[in-house]
Structure formats: C-alpha cells, structure tokens
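Heads up: numbering here begins at 1 and tracks the sequence.
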Amino acid sequence: MRSRGFQSGLAGMLEGGRLTTAEILYHLPDYPTLLQSFTWQTLDEPPRFERLRAFLEHWERTLDAALHSVTVCHAALIGPARFRFTGREWRLE
C-alpha cells in the first residue's frame with residue numbers, strides 16, 4: 001500500500017500534496033570542480049517529502065554525480081479563492 005506522500009493527481013492534492021520543486025546542484029563526474037544544476041518537480045507532501053527523498057536516494061545509489069546541495073520549495077495547488085481589488089475599472093463596450 002502506498003503512503004499518502006505517493007498519491008498523485010487530485011486525490012494527492014486534496015490530502016495535502018503540494019507542487020514540490022527541487023533545485024539539485026551536483027558535481028560533474030568527469031569534472032568534479034564544476035557544478036551542474038538540475039530542476040525536478042513532483043507532487044509531494046511536506047514536511048517528509050517522501051517522493052523527493054526516494055528520488056535522491058535513487059540518485060545516490062545509481063549515478064556517479066555526487067550531490068552538492070538541494071534547495072526545495074513547495075506550493076499548494078488547491079486552496080481557497082483569493083480576490084484582490086486592483087483599484088481600476090475597465091469597461092467593455
């Protein structure tokens with residue numbers, strides 16, 4: 001059985017899943033003094049980020065590129081509507 005962190009689609013978003021973006025900096029295997037950037041996105045559940053952790057564990061097991069750092073941000077895709085008044089008026093005639 002999958003944990004809640006591995007739900008996808010609408011069900012995952014309703015259960016607290018958020019769009020998670022990770023910027024991964026890693027050392028190039030042939031040029032270890034150079035860093036390369038990789039951006040990865042998925043629907044995951046904070047604060048555990050089970051999908052992201054599984055991806056990073058897979059990276060460390062199977063790739064020669066050593067991780068330097070990982071920056072993570074997340075945002076809810078489903079929430080209450082937000083209205084903001086612009087202070088302007090447009091008329092369509």
Side chain to side chain contact (heavy atoms under 4.5 Å, CB included) filter on Ser37, not counting sequence neighbours, yields Glu23, Leu25
Residue set satisfying salt bridge (Lys or Arg N to Asp or Glu O under 4.0 Å) with Arg53, at least two apart, ordered chain then number -> none
Gln41 meets the side-chain hydrogen bond (donor to acceptor under 3.5 Å, both in side chains) criterion, sequence neighbours left out, with Thr21
Applying side chain to side chain contact (heavy atoms under 4.5 Å, CB included) to Thr42 and not counting sequence neighbours gives Trp40, Asp44, Arg51
- Item | Validation row: Tyr26, His68 side chains within 4.5 angstrom (heavy atoms) | no
message = Same cluster or not: Leu19 versus Val70, using hydrophobic residues (I, L, V, M, F, W, Y) connected whenever any side-chain heavy atoms lie under 4.5 Å apart?
response = no
Checklist entry - Hey, does the side chain of Thr33 reach the backbone of Tyr31 with a donor-acceptor pair shorter than 3.5 angstrom? => result no
Output for pair (His27 NE2, Leu67 CG), nearest 0.5 Å, gives 8.5 Å
Members sharing Leu35's hydrophobic cluster, built from side-chain contacts under 4.5 Å between Ile, Leu, Val, Met, Phe, Trp and Tyr, are none
Interatomic distance, CD@Glu45 vs CZ@Arg18, rounded to 0.5 Å, equals 9.5 Å
Kindly say whether Thr20 contributes a backbone atom to a donor-acceptor pair with the side chain of His74 at under 3.5 angstrom? no
So CD1 of Ile24 and OG1 of Thr39: to nearest 0.5 Å the spacing works out to 8.0 Å
CH2 (Trp59) and CZ (Phe38) are apart, to the nearest 0.5 Å, by 6.0 Å
side-chain hydrogen bond (donor to acceptor under 3.5 Å, both in side chains) filter on Thr71, not counting sequence neighbours, yields none
